[in-house]
Student: 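Okay, handing you the structure first.
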Amino acid sequence: MKFQAPKGVSEYLPGRSVGFDHVRNTLTAAALSAGYQLAELPVFEDTELFARGVGETTDVVTKEMYTFEDRGGRSITLRPEGTAGVMRAVIEHGLDRGQLPVKLWYTGAFFRAERPQAGRYRQFYQLGVEAIGLNDPEIDAEVIAVADRGLKTLGLKDYRLEITSLGDAPSRLAHRVDLDVFISKMDLDDATRAKAAVNPLRLFDDKREVVKSQMSQAPLLIDYLSEESQLHFSRVTSLLDSYGIEYVRNTSLVRGLDYYTGTTFEFVHEKLGAQSAIGGGGRYDGLMRQLGGADLSGIGFGMGLDRILLACEAEGLELLDPDGLDLFVIALGSEAKFVAAGLVNSLRNDGFNVDMSYGDRALKGAMKAADKSGARFSLVVGEDEVTSGQISIKEMETGESHAMTISTIADFLDSF
RNA sequence: GUGGGCGUAGCUCAGCUGGUAGAGCACUCGGUUGUGGUCCGAGAUGUCGCGGGUUCGAGCCCCGUCGCUCACCCCA
């Protein structure tokens with residue numbers, strides 16, 4: 001029996017794992033730049049948390065969750081998204097009792113039992129932030145700017161920020177009345193009509209031409225915003241303007257999680273195929289209360305690390321490893337190998353990244369290994385070096401060598 | 001869940017109307033008794049995804065299955 005990874009999971013091995021780590025670290029740095037603090041949360045939660053948080057009628061809940069019963073008979077679900085778990089932790093530990101907003105970031109694996117596709121996996125990685133407790137347009141702009149800063153720091157260019165406002169409850173109620181009337185007059189198949197009955201906004205996202213052409217005349221939620229919602233949204237866009245962050249208004253932007261209200265956004269990459277959303281998020285007014293907490297608003301985003309890596313690769317960005325090897329040591333002969341191992345261990349204790357050749361490789365092969373390791377310097381240790389203590393460190397890129405004694409290697413490496 | 005394409009060496013792929021498996025890259029060794037990237041030479045590597053069927057004979061045809069992939073759906 002030959003084992004294979006479970007269907008549809010993403011995994012990153014040498015070659016791509018450095019790029020993945022770089023993406024994650026860059027987005028982490030963006031979150032830290034704005035004062036977000038780490039929340040390390042479980043990957044599974046009470047099933048009910050997601051049912052109530054994400055929305056009972058969403059596809060995510062009705063057909064994409066990994067749900068199972070644990071040994072105590074509890075219904076457990078692998079987290080399909082991050083916000084519900086963060087809210088649970090905030091409520092459970094009373095994090096909202098101090099100063100607001102509570103600003104948290106998280107990263108890790110998420111799970112949805114979907115049919116795999118380009119950029120869509122059953123286990124995938126996200127990094128997200130949540131700012132909870134205040135309904136301040138400056139926070140909306142900050143959250144969007146953090147995500148955008150992360151993408152720009154990576155060097156991404158071929159993406160766009162789409163943004164809209166889903167308004168507050170009164171706005172949406174007024175719109176829905178008119179939208180339902182409009183949809184009732186449309187020519188639709190049964191499945192689509194059923195979908196519309198659950199959430200009519202979904203029809204704005206339909207890719208079929210028959211639906212798209214009819215929906216082009218549909219009433220838009222953006223035209224129903226209350227004055228308060230309008231003011232909030234225009235302030236957010238003004239802030240983005242002042243930050244120099246470009247965006248396009250997408251009045252038919254719809255998201256698959258039910259909890260979004262007000263400011264809602266999505267980052268879309270142009271070179272990714274059908275699964276082109278590399279991240280998205282928005283404000284959620286009723287979520288915390290819905291989950292048994294105080295009636296506080298919040299806003300956050302989730303960025304898809306797998307898709308962002310794909311986007312970087314599609315743009316041909318170089319994702320370098322900042323923590324590569326400083327030195328690669330080649331030992332010739334048993335005695336030299338013993339000495340070299342001690343030297344390597346001691347340099348590692350001093351904080352350098354060092355590797356050495358193992359086995360009994362010929363010098364040529366060992367040099368090749370040094371080359372492939374990506375180390376900045378190489379060093380050959382043989383009988384002569386062991387007895388004299390004199391060595392010569394070679395700079396791999398230039399081929400230049402530097403003579404010194406073994407005891408001064410650390411000082412030499414430090415000077416670079 | 002629905003539909004299309006594809007599974008051959010570690011990777012990318014070739015393999016004719018069915019006749020018993022190949023290339024390039026990567027890897028190892030040597031040319032150059034202790035200095036990589038170039039060049040030259042040699043070598044090693046496969047249950048041809050898996051199971052069944054047709055056939056004297058299957059990598060090739062048929063069925064099933066698993067996986068990958070692309071799109072729908074949905075979303076990160």
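A, B, ... follow the sequence lines: proteins, then strands. Residue 1 opens every chain.
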Student: Nearest to the side chain of A:K372, heavy atoms from C-beta on, is which of B:A76, B:C27, B:G34?
Tutor: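 Looking only at side-chain atoms, A:K372 lies closest to B:C27.
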Student: Does a distance-only test, which skips hydrogens and angles, find a donor-acceptor pair under 3.5 Å between the side chain of A:K368 and the base of B:G37?
Tutor: no
Student: Answer yes if the side chains of A:R249 and A:T164 hold a donor-acceptor pair under 3.5 Å, and no otherwise.
Tutor: no
Student: Atom OH of A:Y358 and atom C1' of B:U28: how far apart are they, to the nearest Å?
Tutor: 21 Å
Student: Just N and O in the side chain of A:Q117: are any of them under 4.0 Å from OP1 or OP2 of B:C72?
Tutor: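 Yes, because at least one side-chain N or O of A:Q117 sits under 4.0 Å from OP1 or OP2 of B:C72.
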Student: With the side chain counted from C-beta on, respond yes when A:F265 and A:L161 share a heavy-atom pair under 4.5 Å apart, and no when they do not.
Tutor: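 A:F265 vs A:L161: side chains touch.
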Student: Which nucleotide, if any, forms a Watson-Crick or G-U wobble pair with B:G59, using both distances under 3.5 Å?
Tutor: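 Across any shown strand, B:G59 pairs with none.
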Student: By the 4.0 Å heavy-atom rule, please label A:G399 as base, sugar-phosphate, or nothing.
Tutor: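 Counting heavy atoms under 4.0 Å across all strands, the contact made by A:G399 includes a base.
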Student: Quick one: which of B:A76, B:G36, B:C73 gets closest to the side chain of A:Y121?
Tutor: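 Nucleotide nearest to A:Y121's side chain: B:A76.
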Student: Using atom CZ of A:R122 as one end and atom P of B:G67 as the other, report the distance to the nearest whole Å.
Tutor: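 Atom CZ in A:R122 sits about 8 Å away from atom P in B:G67.
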Student: A:D59 side chain: which of B:C70, B:C74, B:G36 is closest?
Tutor: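 Selected nucleotide: B:C74.
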Student: Roughly how many Å is it from CD in A:E130 to P in B:A76, rounded to a whole number?
Tutor: 12 Å
Student: Tell me if the side-chain of A:R202 makes a donor-acceptor pair with the base of B:C73, cut-off 3.5 Å, by modelled atom types.
Tutor: no
Student: Between atom CD1 in A:I330 and atom P in B:G36, what is the gap in whole Å?
Tutor: 9 Å
Student: Where the side chain of A:R24 meets the backbone of A:L127, is there a donor-acceptor pair that is under 3.5 Å apart?
Tutor: no
Student: Once you apply the 3.5 Å cut-off to both distances, tell me the Watson-Crick or G-U wobble partner of B:G1, or none.
Tutor: B:C72
Student: Scan side-chain atoms only and decide if A:H232 and A:D136 contain a donor-acceptor pair under the 3.5 Å cut-off.
Tutor: no
Student: Rounded to whole angstrom units, what separation is found between the OH atom of A:Y106 and the P atom of B:A76?
Tutor: 10 Å
Student: Could you check A:R115 against A:E397 and say which one's nearest nucleotide on RNA chain B is further toward the 5' end?
Tutor: A:R115
Student: If you find the nucleotide of RNA chain B closest to A:V60 and the one closest to A:P6, which residue's nucleotide is nearer the 5' end?
Tutor: A:P6
Student: Counting Watson-Crick and G-U wobble pairs only, both distances under 3.5 Å, name the nucleotide matched with B:U28, or none.
Tutor: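 Base-paired to B:A42.
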Student: Side chain of A:A118 only, please: which of B:A76, B:G34, B:A71 is the nearest?
Tutor: B:A71
Student: Return yes if some donor-acceptor pair links the side-chain N/O of A:S165 with the main-chain N/O of A:F233 below 3.5 Å, else return no.
Tutor: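 Checked: no pair found.
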Student: Below 3.5 Å, does any donor atom in the side chain of A:K364 face an acceptor in the base of B:G37, or the other way round?
Tutor: no
Student: Please name the nucleotide paired to B:G64 by Watson-Crick or G-U wobble geometry with both distances under 3.5 Å, or report none.
Tutor: B:C50
Student: Just wondering, do A:F110 and B:A76 stack (centres under 5.5 Å, planes under 30°)?
Tutor: no
Student: For A:R361 and B:U28, is the shortest distance between a side-chain N/O and OP1 or OP2 below 4.0 Å?
Tutor: yes
Student: Can you identify which nucleotide, out of B:A71, B:G67, B:G30, has its nearest atom closest to the A:A274 side chain?
Tutor: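 Looking only at heavy atoms from C-beta outward on A:A274, the closest nucleotide is B:A71.
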Student: If we count only N and O atoms by modelled type, under 3.5 Å, do the side chains of A:Y224 and A:D178 hold a donor and an acceptor together?
Tutor: yes
Student: Between B:G30, B:G34, B:A76, which nucleotide gets closest to the side-chain atoms of A:L363?
Tutor: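 Of the candidates, B:G34 comes closest.
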Student: Counting distance alone, no hydrogens or angles: does the base of B:A71 have a donor or acceptor under 3.5 Å from a partner atom on the side chain of A:Q275?
Tutor: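 Answer is no: no donor-acceptor pair is held.
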Student: Which part of the nucleic acid, if any, lies within reach of A:K394 when heavy atoms closer than 4.0 Å are counted: base, sugar-phosphate only, or nothing?
Tutor: base
